Amino acid sequence: MTTPDTLHDTRIRLNHGSILMPAAGFGTLIPDPLVTRQATKTALETGFRHFDCAERYRNEEAVGEAMQDVFKAGTARREDVFVTTKLWNTNHRPERVKPAFDGSRRRLGVDHIDCYIVHTPFAFKPGDEQDPRDEQGRVIYDSGVTLLETWGALERLVDEGHARSIGLSDITLEKLREIVSAARINPSVVQVESHPYLPEWELLDFCREHGIVLQAFAAVGHAMEPNLLADPVITAIAQRVHKTPAQVALAWAVQRGTAFLTTSTKSWRIQENFDISPLPEDAMQEIRDRITTNIRFNSVVKTGVPGFIPRAKAS
């Protein structure tokens, strides 16, 4: 990992293909396509060079349009931008993986994907309905495919030169161990909820052991209660180092060797989330030793149903 004085320029070398992934990532889970396009453009102009997308977010076209706008303006180059997108649960069957991948690539307007991630380890009933439910409103899962079979289809995307690296999201350590023990190509990235209230130290240790990058979503707590950014340890450090609580939480993420994702539609917040600086070692130790709250905000690891994505209302 290369860690310059400005942490937002940190790059982490992936375990496959010698790719450098920017540690600071901009998440594109933004419901409105027009707002998505503007926020993505602002993030690019601010300096973000890693964008996390997903078929499930239903806005890949808007992200792609924003990227093309900025590329044409000369503010950024495609070769400097790391694009991640994700395979949704209804496309886990191997024969559905390549068409889903090609759909994302087409919508994003790019010829390759830098990292293609399995959105969750849970397979849903295959089809065009992203949130298949039975008459009782229960998710319809697909028992006809295993995660390892899905992973094999992602490995073939790497073999064929379409995806530069592959990864997993919303996965437990137990399930990750299963994939690593059987995989031909190891995951390069594991994307999970992580922040000072859910540091995932055991998972991080396993990832380090196998050269996997742990990428934290909800890195500032996703504005949920209890409010991480109001934690007295975080606020005291922020005051001491003349940064905001969010900047402290994001700096902590990079300094402990992980990548992070942060999302905002406000230009000043996007700038704030990018403008992070190293914390003193005593502050890093304080966060580890003095924060005792432990909470998971998103239950997706138990069901495959993302807690931060609103369900579409029935028409």
Side-chain angles (χ1 to χ4, degrees), residues 14-17 19 21 52-61 64 82-134 138-192 206-207 210-213 215 300-306 309:
L14 301 187
N15 60 13
H16 188 85
I19 310 162
M21 185 183 85
D52 179 77
C53 314
E55 174 191 354
R56 181 67 175 87
Y57 300 166
R58 302 188 180 100
N59 63 359
E60 288 174 313
E61 294 97 336
F82 191 99
V83 178
T84 294
T85 195
K86 298 187 277 293
L87 175 80
W88 183 236
N89 301 354
T90 52
N91 292 317
H92 275 215
R93 294 201 173 202
E95 67 272 15
R96 295 180 66 88
V97 169
K98 181 63 162 52
F101 175 88
D102 286 339
S104 285
R105 186 167 53 169
R106 183 182 65 254
R107 289 187 292 271
L108 287 164
V110 296
D111 60 357
H112 70 272
I113 299 295
D114 296 289
C115 189
Y116 196 50
I117 287 178
V118 181
H119 204 140
T120 89
F122 297 85
F124 289 179
K125 175 186 174 182
D128 295 331
E129 172 53 54
Q130 288 189 337
D131 192 27
R133 302 271 174 156
D134 63 18
R138 295 172 299 200
V139 172
I140 304 173
Y141 292 96
D142 181 9
S143 60
V145 62
T146 66
L147 182 59
L148 191 58
E149 288 171 330
T150 305
W151 188 253
L154 265 71
E155 290 177 324
R156 287 189 287 278
L157 292 176
V158 175
D159 293 339
E160 294 162 5
H162 303 307
R164 298 177 74 199
S165 62
I166 49 180
L168 297 156
S169 180
D170 300 317
I171 194 163
T172 62
L173 177 55
E174 179 184 17
K175 184 63 70 173
L176 178 58
R177 288 184 194 275
E178 291 177 17
I179 294 298
V180 168
S181 67
R184 180 169 55 83
I185 299 174
N186 257 0
S188 291
V189 178
V190 166
Q191 188 183 110
V192 294
F206 181 84
C207 287
H210 294 276
I212 300 168
V213 177
Q215 184 178 39
V300 62
V301 293
K302 298 177 181 177
T303 63
V305 181
I309 303 178

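For the numbers below, each heavy atom of this structure counts, side chains included, while hydrogens, waters and symmetry mates do not. Everything numeric in this text was worked out from a predicted model, so none of it was measured.
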Practice prompt. Check Leu154 against Leu87 and note the closest heavy-atom contact, atom names and distance.
Written response: CD1-CD2, 4.2 Å
Worksheet item: Between Gln191 and Asp52, do the side chains contain an N or O donor and an N or O acceptor separated by less than 3.5 Å?
Response: yes
Discussion item. What I want to find out is whether Lys175 reaches Glu178 closely enough, with some N-O distance under 4.0 Å, to be called a salt bridge.
Written reply: yes
Discussion item. Set out, in order, the CA-CA distance, both residues' side-chain angles and the distance that settles side-chain contact (heavy atoms from CB on, under 4.5 Å) for Asp142 and Arg93, then state yes or no.
Written reply: CA-CA 9 Å; Asp142 181 9; Arg93 294 201 173 202; 2.8 Å; yes
Worksheet, complete the sentence: Of all heavy-atom pairs linking Lys86 and Tyr57, the shortest is NZ-OH, 3.4 Å
Item to complete: State whether the side chain of Trp151 and the backbone N or O of Val180 hold a donor-acceptor pair below 3.5 Å, judged by distance alone.
Response: no
Item to complete: Give a yes or no on whether Glu174 atom CD has more than 12 heavy-atom contacts from other residues, nucleotides or ligands under 6.0 Å away.
Response: no
Worksheet entry | Minimum-distance pair of heavy atoms, taken over all atoms of Ala100 and Arg107 | O-NH2, 4.5 Å
Worksheet item: Testing Val301, Leu147, Ile179 for side chain to side chain contact (heavy atoms under 4.5 Å, CB included) with Pro121, which one passes?
Response: Leu147
Discussion item. For Phe124 and Tyr141, take the angle between the two ring planes, folded into 0 to 90°, and tell me which bin it lands in: parallel under 30, tilted 30 to 60, perpendicular over 60.
Written reply: perpendicular
Practice prompt. Check for a donor-acceptor pair, side chain of His210 on one end and backbone N or O of Arg177 on the other, with a separation under 3.5 Å.
Written response: no
Item to complete: Output yes when Asp102 and Lys98 qualify as a salt bridge under the 4.0 Å nitrogen-oxygen rule, no when they do not.
Response: yes
Worksheet item: Considering all heavy atoms of both residues, which atom of Ala183 and which atom of Glu155 are nearest to each other, and what is their separation?
Response: C-OE2, 3.6 Å
Practice prompt. Return the set of residues passing side chain to side chain donor-acceptor pair (under 3.5 Å) with Asn15 (not counting sequence neighbours), or none when no residue passes.
Written response: Ser188
Practice prompt. Apply the side chain to side chain contact (heavy atoms under 4.5 Å, CB included) test between Asn89 and each candidate in Asp131, Val305, Thr120; give the one that qualifies.
Written response: Thr120
Discussion item. Before you tell me yes or no, could you show the steps for Glu55 and Gln130 under side-chain contact (heavy atoms from CB on, under 4.5 Å), namely the whole-Å CA-CA distance, both residues' side-chain angles and the distance that decides it to 0.1 Å?
Written reply: CA-CA 9 Å; Glu55 174 191 354; Gln130 288 189 337; 3.9 Å; yes
Practice prompt. Apply side-chain contact (heavy atoms from CB on, under 4.5 Å) to the pair Phe206 and Val190, showing each step before the final yes or no.
Written response: CA-CA 11 Å; Phe206 181 84; Val190 166; over 6 Å; no
Worksheet entry | N/O donor-acceptor pair under 3.5 Å between Arg105 side chain and Asp111 backbone | yes
Discussion item. Check this for me: does any side-chain nitrogen of one of Asp159 and Arg184 sit under 4.0 Å from a carboxylate oxygen of the other?
Written reply: yes
Worksheet item: After noting the C-alpha distance and the side-chain angles of Thr84 and Val189, does the key distance pass the side-chain contact (heavy atoms from CB on, under 4.5 Å) rule?
Response: CA-CA 10 Å; Thr84 294; Val189 178; over 6 Å; no
Worksheet entry | Partner set under side chain to side chain donor-acceptor pair (under 3.5 Å) for Ser165, not counting sequence neighbours | none
Worksheet item: Got Val300 and Ser169 here, is their nearest side-chain heavy-atom distance under 4.5 Å?
Response: no
Practice prompt. Considering non-hydrogen atoms only, spot the tightest contact between Pro187 and Gly167 and give its length.
Written response: CB-CA, 4.3 Å
Discussion item. When you compare the side chain of Ile166 with that of Ile185, does any pair of heavy atoms fall below 4.5 Å?
Written reply: yes
Practice prompt. Evaluate the side-chain proximity of Phe122 to Asp170: yes if any heavy-atom separation is below 4.5 Å, no if none is.
Written response: no
